[in-house]
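In what follows, a structure is listed as structure tokens, so that the remarks can point back to it.
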Amino acid sequence: MNLSRFFKKELFVLCLIVLIGSFLRLWGVYTNSFAFTYDVGRDLLALWNIVYLYKIPLIGATTGLPGIFYGPWWYYLLAPFFIAASGDPQGIALTMSLIGILTIIIGFVFGKSLGGKFLGLTLAALISVSGNLISLSAQIWNPNIAPLFVIFILLVLIKIYKEETSDKSKYYFLLGLLLVFNIDLEIVFGLLLSIGIILSVVIIKRKKISIKNIALFILGGLIIFLPRIFFEFRHEFLMTKSFIGFFSGGSSSAAPKVPALFLSRLDILFDQFNSTLAMNNKLLGFVILLFIVLCLIVLYRKAGENIRYFITTSIIIVFVFLIGTIFFNHDIWPHYLVGLPVFYILLFGISLYLLRQKIAVLAPALIALAVFLINLNPSTLYKSLSKPLWIGDASVYRNQLAVIDYVYRQADGKKFKYVVYTPPVYDYTYQYLFLWLGPRKYHYPPSKKANLAYFILEPDFQYPSRLTDWLKQRTGDGKIINSEKLPSGIIVQTRVH
């Protein structure tokens, strides 16, 4: 009876955590307030080609390196959800939010497997309200699902690290599969994560790794690389040559001083730590970081073997990212570090777990609750919900839908064509929306040959002169009979030829 009552209490707390995390992730989808950007439009056009034109790609989108592409697994993964949503971007955005919610649940499963129910609930609670992780659920973008797969990797590591696991071969295969899949989600993050995980396994397991384990690990990775291997054979090793050329070409610019670069990267990681656990409050972030360091120094030796392994793994990975990013002479974008918040949360959760196990029982739960409430910030959340709906800018999905609806209302059944000025240059978002929504809602698509034209002009706040010059070049392209500025700042000109 007591066990049954406790199970119900644990389940109730988990359900409450998941409910709160779900609301924080689903509100933007419900109001169509999620980002709909160049990358999203490009990916949805690729999915359209896969689902409706049966064009199965061997590669995905371009990376930041010329001639090097991601694999197609992001598209393969999204295709079933694309079909289920009938191509509706809101349905795909819902999928991203559901992945974020699943991350909370899998975080609980991992924490409970590693240290019991307290650690499981702590990890789930912190993942639920972490501003950094919530933001990842608000955009349809391949790096944003990395945290879920990082936790899957940690679940596999539990099996590899446990001495009781007799045959670990299948887990090494899964590890290779998941590590290379993370490279497909974000190349810089995936490579640094792989280095950190491989180093951790080698250091922790040492001579207990067999040839069979290594072979199956490599096989798992090769399966993910397989489409790109086919692509390479068909295109005379295009990516291989580009990759070699990138590293053999050298750099003409002077290398920055390592100490300054080290401090810069340390500051970036600390900012990410704050956005993960401290609502971007640097003082609170420093206090939490100091708490983690003190707990680990004092209590590390008293921790169980598996807990020590995951402390070591987390520290190695953060250190690899700190050192690895020093080799980049350009800016470090947030998606390069997309899955690191999982390790910050894990280290904080383990610190609370150790404190509870060895010193106090109530204090760690109160600390976890305090950090949970600080990140949830109920009063600010209530105020934001009581305000009128946020308008946003040209990249908000709701605002782009408003443009499509405006154009079709003005056209009133007549044939029309459209031209788009957008700062990213490529108008993939409007290409997709006219392709998907035009026939679906208004029963006809735009025409390439029509006297009626709509010029959709997105604001270019960074380089306003580019829009001015673009319009000057099109002065004689039809007569402007109407110009409407929508609340988002997007201007739609109606022109006739």
Side-chain angles (χ1 to χ4, degrees), residues 35-82 92 95-96 99 136 139-146 148-150 176-195 218-249 251 324-325 327-339 424-429 431-432:
F36 196 67
T37 58
Y38 156 93
D39 305 272
V40 182
R42 176 202 63 204
D43 291 347
L44 292 187
L45 285 169
L47 285 165
W48 184 280
N49 290 336
I50 292 170
V51 172
Y52 296 111
L53 304 181
Y54 310 112
K55 294 181 179 179
I56 310 300
L58 294 175
I59 56 169
T62 57
T63 67
L65 306 179
I68 299 174
F69 300 86
Y70 285 108
W73 293 98
W74 165 241
Y75 297 151
Y76 297 169
L77 181 69
L78 273 192
F81 301 102
F82 183 89
I92 308 298
T95 300
M96 295 298 294
I99 288 172
L136 298 181
Q139 185 178 3
I140 307 164
W141 198 27
N142 45 307
N144 291 7
I145 65 173
L148 175 63
F149 288 91
V150 168
L177 200 75
L178 288 168
L179 285 179
V180 178
F181 184 76
N182 268 279
I183 294 173
D184 248 18
L185 294 178
E186 211 302 308
I187 191 166
V188 175
F189 169 75
L191 284 171
L192 293 177
L193 177 70
S194 297
I195 292 169
I218 293 170
L219 178 62
L222 283 175
I223 287 174
I224 300 297
F225 272 126
L226 203 57
R228 274 182 287 191
I229 292 171
F230 287 143
F231 176 87
E232 286 291 84
F233 276 107
R234 286 176 57 178
H235 295 86
E236 299 178 347
F237 299 95
L238 171 67
M239 284 193 286
T240 304
K241 291 174 184 176
S242 299
F243 200 73
I244 293 170
F246 176 78
F247 284 102
S248 62
S251 175
T325 52
F327 292 95
F328 290 87
N329 290 334
H330 51 75
D331 293 335
I332 301 299
W333 298 103
H335 54 273
Y336 292 172
L337 314 173
V338 67
V425 180
Y426 298 102
D427 62 330
Y428 293 142
T429 53
Q431 285 182 41
Y432 183 77

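Bear in mind that the values here come from a model prediction, so they are computed numbers and not experimental data. In what follows, every heavy atom counts, from backbone to side chain, and hydrogens, waters and symmetry copies are set aside.
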- Task: Under the side chain to side chain donor-acceptor pair (under 3.5 Å) rule, collect the residues that match up with Asp427, sequence neighbours excluded.
- Result: Gln431
- Provide the closest heavy-atom pair for Met96 versus Gln139 in the form atom of the first, atom of the second, distance. CE-O, 3.2 Å
- How would you list, by chain and number, every residue that makes a salt bridge (charged side-chain N to carboxylate O under 4.0 Å, His left out) with Asp39, sequence neighbours excluded? Arg42
- Task: Dump the intermediate steps for side-chain contact (heavy atoms from CB on, under 4.5 Å) on Ile229 and Leu222, then the final yes or no.
- Result: CA-CA 9 Å; Ile229 292 171; Leu222 283 175; 4.1 Å; yes
- Interatomic distance, CG@Leu238 vs CD1@Ile59, rounded to 0.5 Å, equals 8.0 Å
- Query: Which residues satisfy the side-chain contact (heavy atoms from CB on, under 4.5 Å) test with Val188, sequence neighbours excluded?
  - Reply: Glu186, Leu192, Phe328, Tyr336
- Item | ring-ring contact (aromatic ring centres under 6.0 Å, His included) partners for Tyr54, two or more places apart | none
- Message: Checking Phe149 now: which residues fulfil ring-ring contact (aromatic ring centres under 6.0 Å, His included) with it, not counting sequence neighbours?
- Response: Phe152, Phe181
- Message: Quick one, Leu337 with Thr325, criterion side-chain contact (heavy atoms from CB on, under 4.5 Å). Give me CA distance, side-chain angles, the key distance, then yes/no.
- Response: CA-CA 10 Å; Leu337 314 173; Thr325 52; 4.3 Å; yes
- Query: What pairs with Asn182 under side chain to side chain donor-acceptor pair (under 3.5 Å), at least two apart in sequence or on another chain?
  - Reply: none
- Item | Neighbour count above 12 (heavy atom, 6.0 Å) for Tyr52 OH | yes
- Task: Can you sort out the partners of Trp73 under ring-ring contact (aromatic ring centres under 6.0 Å, His included), two or more places apart, ordered by chain and number?
- Result: Tyr76
- Task: Determine, stepwise, if the pair Tyr432 / Val40 fulfils side-chain contact (heavy atoms from CB on, under 4.5 Å).
- Result: CA-CA 9 Å; Tyr432 183 77; Val40 182; over 6 Å; no
- Shortest non-hydrogen separation from Ala146 to Phe189 and the atoms involved: CB-CE2, 4.0 Å
- Query: What distance separates Leu177 CG from Ile223 CD1, expressed to the nearest 0.5 Å?
  - Reply: 6.0 Å
- Query: When rounded to the nearest 0.5 angstrom, what is the spacing between CG in Leu53 and CG in Leu45?
  - Reply: 10.5 Å
- From CD1 (Ile140) to CD1 (Ile145), nearest 0.5 Å: 12.0 Å
- Query: What's the shortest heavy-atom distance between Trp74 and Asn142, and which atoms?
  - Reply: CD2-CB, 3.4 Å
- Message: With salt bridge (Lys or Arg N to Asp or Glu O under 4.0 Å) as the rule and sequence neighbours excluded, what pairs involving residues 222-234 come up?
- Response: Asp184-Arg228
- Message: Please report the interatomic distance CG(Leu77) to CD1(Ile99), rounded to the nearest 0.5 Å.
- Response: 6.0 Å
- Task: Under the ring-ring contact (aromatic ring centres under 6.0 Å, His included) rule, collect the residues that match up with Tyr428, sequence neighbours excluded.
- Result: Tyr38, Tyr426
- Can you name the side chain to side chain donor-acceptor pair (under 3.5 Å) partners of Trp141, sequence neighbours left out? none
- Task: Keeping to residues at least two apart or across chains, list the salt bridge (Lys or Arg N to Asp or Glu O under 4.0 Å) pairs with something in residues 47-62.
- Result: none
- Could you tell me how the ring of Phe82 sits relative to the ring of Trp48: parallel (under 30°), tilted (30 to 60°) or perpendicular (over 60°)? perpendicular
- Atom CD1 of Ile183 and atom CG of Leu178: how far apart are they, to the nearest 0.5 Å? 11.5 Å
- Partner set under side chain to side chain donor-acceptor pair (under 3.5 Å) for Tyr75, not counting sequence neighbours: Asp43
